[in-house]
Amino acid sequence: MYFDDLTPSTGCREPRAWLKSSRPRLSLNGRWKFELWSDPADAPAVPDVREDCGELEIPGHWVLQGHDRPRYTNTAFPFPIDPPRTPDANPTGDHWRWFDLPDDWPADGAVLRFDGVDSCFKVWLNGTEVGTAKGSRLPSEFDVGELLRPGRNLLTVRVHQWSSGSYLEDQDMWWLPGIFRDVTLLARPLIDDVFVHADYDHLTGSGRLLVETAAGAVVRIPELGIEIAAGMAVTIPAVEPWSAEAPRLYDATVAVPGETVELRIGFRTVAMIDGLLTVNGRPLFFRGVNRHEHDERRGRALTVDAMRQDLVLMKQHNLNAVRTAHYPPHPAFLDLCDELGLWVIDECDLETHGFIYTDWRGNPADDPDWAPMMLDRMRRMVERDKNHPSVILWSLANESHRGRNFGTLAGWTRERDPGRAVFYERDRSYEFSDFYSLMYTPLEDLEAIGTRTEDVPPETADDPALETRRRGLPFVLAEYAHAMGNGPGGLADYQRVLERYPRLQGGFVWEWIDHGLLLPGATDHVYGGDFGERVHGANFCIDGLLFPDRTPSPGLIEYKKVIEPVRITGTEPITIQNLRTFTALDDLEFVWSQEVDGVEVRAGQLEVPEVGPGESVEVRLDLQAPTDVVGERWLTVRAVLAKDEPWAEAGHEIAWAQFALPSAPPKDPSPVRGPVVHRAGDLVLGGGEFDRRTGRLMRLFGVPVDGPRLDLWRAPTDNDNGQGGRNAVVTEWRAAGLDRLLHRVDEVETGERELVVRTRVAPDGLGLGVRATYRWVALGDCLRLTMDVVPEGEWGGTAVTPRCGSWPRVGVRMAVPRSLDNVRWYGGGPGEAYADSREAARVGRYVRTVDELQTPYVVPQENGSRIDVRWAELTDADGNGLRVAGSPSFQLTARRWTSEDLELARHRSDLSSRDHVYLNLDLAQHGLGSASCGPPATAQHALEVAPRTFGLLFRRLGGT
Ligand code: GAL
């Protein structure tokens, strides 16, 4: 059958550029009739056009519109691996609609265009078969002029979910069948294709233009006074180049009698020079992200608004590059990249990852029979997208192993478009790639690559010439910093290494958006396994910098800070470093403010002279402190947009830095007041009432509380859980029983001035544990707790238990009444922060409700911790409550459920509020790392098992 043979298509036109033409067009998007067959053998030979069948919205996926259900796998094919055959159970959707041909429709032919149909389809117009096509994320066009009728026409499309093409489409994402991109009827083009070559000579500032198109066509760029014949090369003495930083486009037209095509031309030259990728003569540095097309309700049927939203968010968060993982996006997305300015790696719709389960036996990449199917995809991408200045690299595929066919793809591409570079990560010989590239590379390996001292990969070990070539290539991290759940950690560490070595030309975080889906009528996101399916990828696709509703996650806020293109360092003088490649900083204003304990006392604007790309300047600021001010003094310097940009308004922050200034020392604590008083069986010390037997605090300034009690556990994050058990720090935590600690009180000791509670905290079945000592003292109107935590026993492991080198957290947990749900704090904020994801936390004063402190990870896990908190106030609606201060600071978490609730929940709707607010007041937490697919937290960010001491000071607020 056509759907499981190795023919890419039948009846299709030659691939060509996506053009905006003046010729008539008719959108065929909208409501279509629909009927689903679970086995194509049950379907009639030609779809049965009945009025009484279902309907759906096109573009769209039937599985998101109430028919069948979506399916998520990471690597596994959800059918037996028997290429190119498909299973009998091959959901097949018949789609049909009537449309009226406008009366003035030209009589000289027409083209029916499908911008994306997943995964294989056959088309009939007015009952006559037109053709078939595969290649889900690529356009297919058919000549249909002879079949069109005046008035009503019937368009019928049969779509098969599985096809031979599915073996080439094993990307880590939902399998979403259907006509998910636009369907359009076009009047027959007179200008069939256009190939713009617009180079920029950075030495002379001139542009060179050559437009290959229909013979006799005239090319015009009014702004440059250009009017030339197609096929004629012209040099323009002075043009402004296109770059992602300054995306200068020139409006142009290509015209023949009867048709005008509109283009937006960007002049830029991509070249590999001295082992580096350059554009317009300068080496690039990618601050990138991998982007799948995803919408929580529409799947991959994205609206142009959503595409623009993605790009605006990327620009607002300092990203400069996008890899269209792992297929060509909707063409409108690339128009927006040209317009807003992003470097693009355009990736072919090709991934055969599931062949890992046959040890790559049968992998299409190395089977010449599959070459036509593979080349067809490459050609359709290159031809469609060849006029975008933003597209600078063609990526052959993702994770499809090695194979001869890649030589065919690369060879064809280089010949067709010598103006761009070619990229492919997974052939570790890099024979066909202009780049050396890896994914999720640990920092030490990255250092070695930076200095070109990396190990020789097995693929080039026997071929010195190939190895020499490989070692000469520039390096790009195709994927890193897996943003699954809470994380990624370590972005700043990566950035330091990436920026240190010229060979490292940046990287692309995995990935842009969580693929959580909201099915019709549902309020919570689904992921793999939610339908009881046995083969699935669970929540491995919930790994984005955006939540499924496109709200930025803390990971994106962190990334924005880490990759800011302006670095502000030092106070006397302040150094401003421009990390951009092409543009100065005159689009920015620099503002400063001085704060005392988080309250602004002085502010102003910094006069910054011209700073060219790659340059630095020093600026002086009078930092005189008002002499009578006591408290922590800070200087904050911010670089903000001076005027509106298409992607952000004036005032939008691009970069910032904070500097601690010399501060007046804090006042001495007030003298100790009063000894411990015994009253009605309880112990009273300052504002605290304790159980005499257990030493547990029961009321704090009259507020009923539970705890504080030592806490070493956190609801594991996806990164704590590692990948399939690999790098799973949680394994050692559980083996050490940290999730089942038992508390024993050894002694409650009352003295003249303090209450000391000595405890041992340990899991059943093991000899290891910690001695935890609570030392309470009343200071003025405060109550101070000092905790001593001393590990003892077999943390280093035994013959039968592994070593446990770290703790998830060390701190105390306490429950307070649920009415205390307003939180005000002075410390790091406004968002959550962890040891290795804290660059974006800025010292200041913040206010949030308990609910607002939660980070809504699709799969509940540890979240919401605020770092470096000097003090926090928890109050009820009347302003009564408690204040906690650190010595000097602590990490604060407040939530309506416990860590155990969080750990058990698989979806957000599993969490329900309890009667308390649970506080974690931590000395520290273990870093995040990105071990869900990559390295764990580095030693520097690990919370080592070691003796620890920390203090907390409690005070009453209001009249409680
Ligand atoms: C990469 C792959 C991506 C995604 C990621 C983990 O290996 O290219 O598609 O699976 O890992 O989320």
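Numbering starts at 1 and runs along the sequence shown. Order of listing sets the numbers, starting from 1, for every ligand and every atom in it.
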Which value, rounded to the nearest 0.5 Å, describes the distance between L168 atom CG and D349 atom CG?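 Reported value, rounded in 0.5 Å steps: 8.5 Å.
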
Starting at CH2 of W360, measure out to NE2 of H401 and round the result to the nearest 0.5 Å.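 Between atom CH2 of W360 and atom NE2 of H401 there are 6.0 Å.
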
Any side-chain to backbone donor/acceptor pair from R287 onto A321? Under 3.5 Å, distance only.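 No, because the side chain of R287 does not come within donor-acceptor range (under 3.5 Å) of the backbone of A321.
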
Once you measure the plane-to-plane angle for F547 and Y857, does it fall in the parallel (<30°), tilted (30-60°) or perpendicular (>60°) bin?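 Correct class here is perpendicular.
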
Taking [atom] as the reference point, the nearest protein heavy atom with its distance:
atom                    : value
atom 12 (O) of ligand 1 : H482 NE2, 2.7 Å
atom 4 (C) of ligand 1  : D172 OD2, 3.2 Å
atom 5 (C) of ligand 1  : Y440 OH, 3.3 Å
atom 7 (O) of ligand 1  : E399 OE2, 2.5 Å

Would you say ligand 1 has an N or O under 3.5 Å from any N or O of N398?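 Yes; at least one N/O pair falls below 3.5 Å.
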
Heteroatom distance test (H353, ligand 1): nitrogen or oxygen, under 3.5 angstrom: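 No; the residue has no nitrogen or oxygen that sits under 3.5 Å from a nitrogen or oxygen of the ligand.
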
Close-contact set for ligand 1 against F540 heavy atoms, below 4.0 Å: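 Every atom of ligand 1 under 4.0 Å from some heavy atom of F540: 6 (C), 12 (O).
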
contact_flag M439 ligand 1 heavy-atom lt 4.0 Å: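 Yes, M439 has heavy atoms under 4.0 Å from ligand 1.
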
Modelled atom types, side-chain donor and acceptor of E832 and N863, under 3.5 Å: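 No donor-acceptor contact under 3.5 Å links the two side chains.
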
Can you list everything that forms a side-chain hydrogen bond (donor to acceptor under 3.5 Å, both in side chains) with S390? Sequence neighbours excluded, please.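 With neighbours one apart ignored, the set is D338.
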
Would you mind finding which of E479, H326, R323 brings a heavy atom closest to atom 11 (O) of ligand 1?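 Comparing heavy atoms across E479, H326, R323, the nearest one to atom 11 (O) of ligand 1 lies in E479.
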
By the definition side chain to side chain contact (heavy atoms under 4.5 Å, CB included), identify the one residue from R181, H61, H292, H294 that meets it with R300.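 The single option meeting the side chain to side chain contact (heavy atoms under 4.5 Å, CB included) with R300 is H61.
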
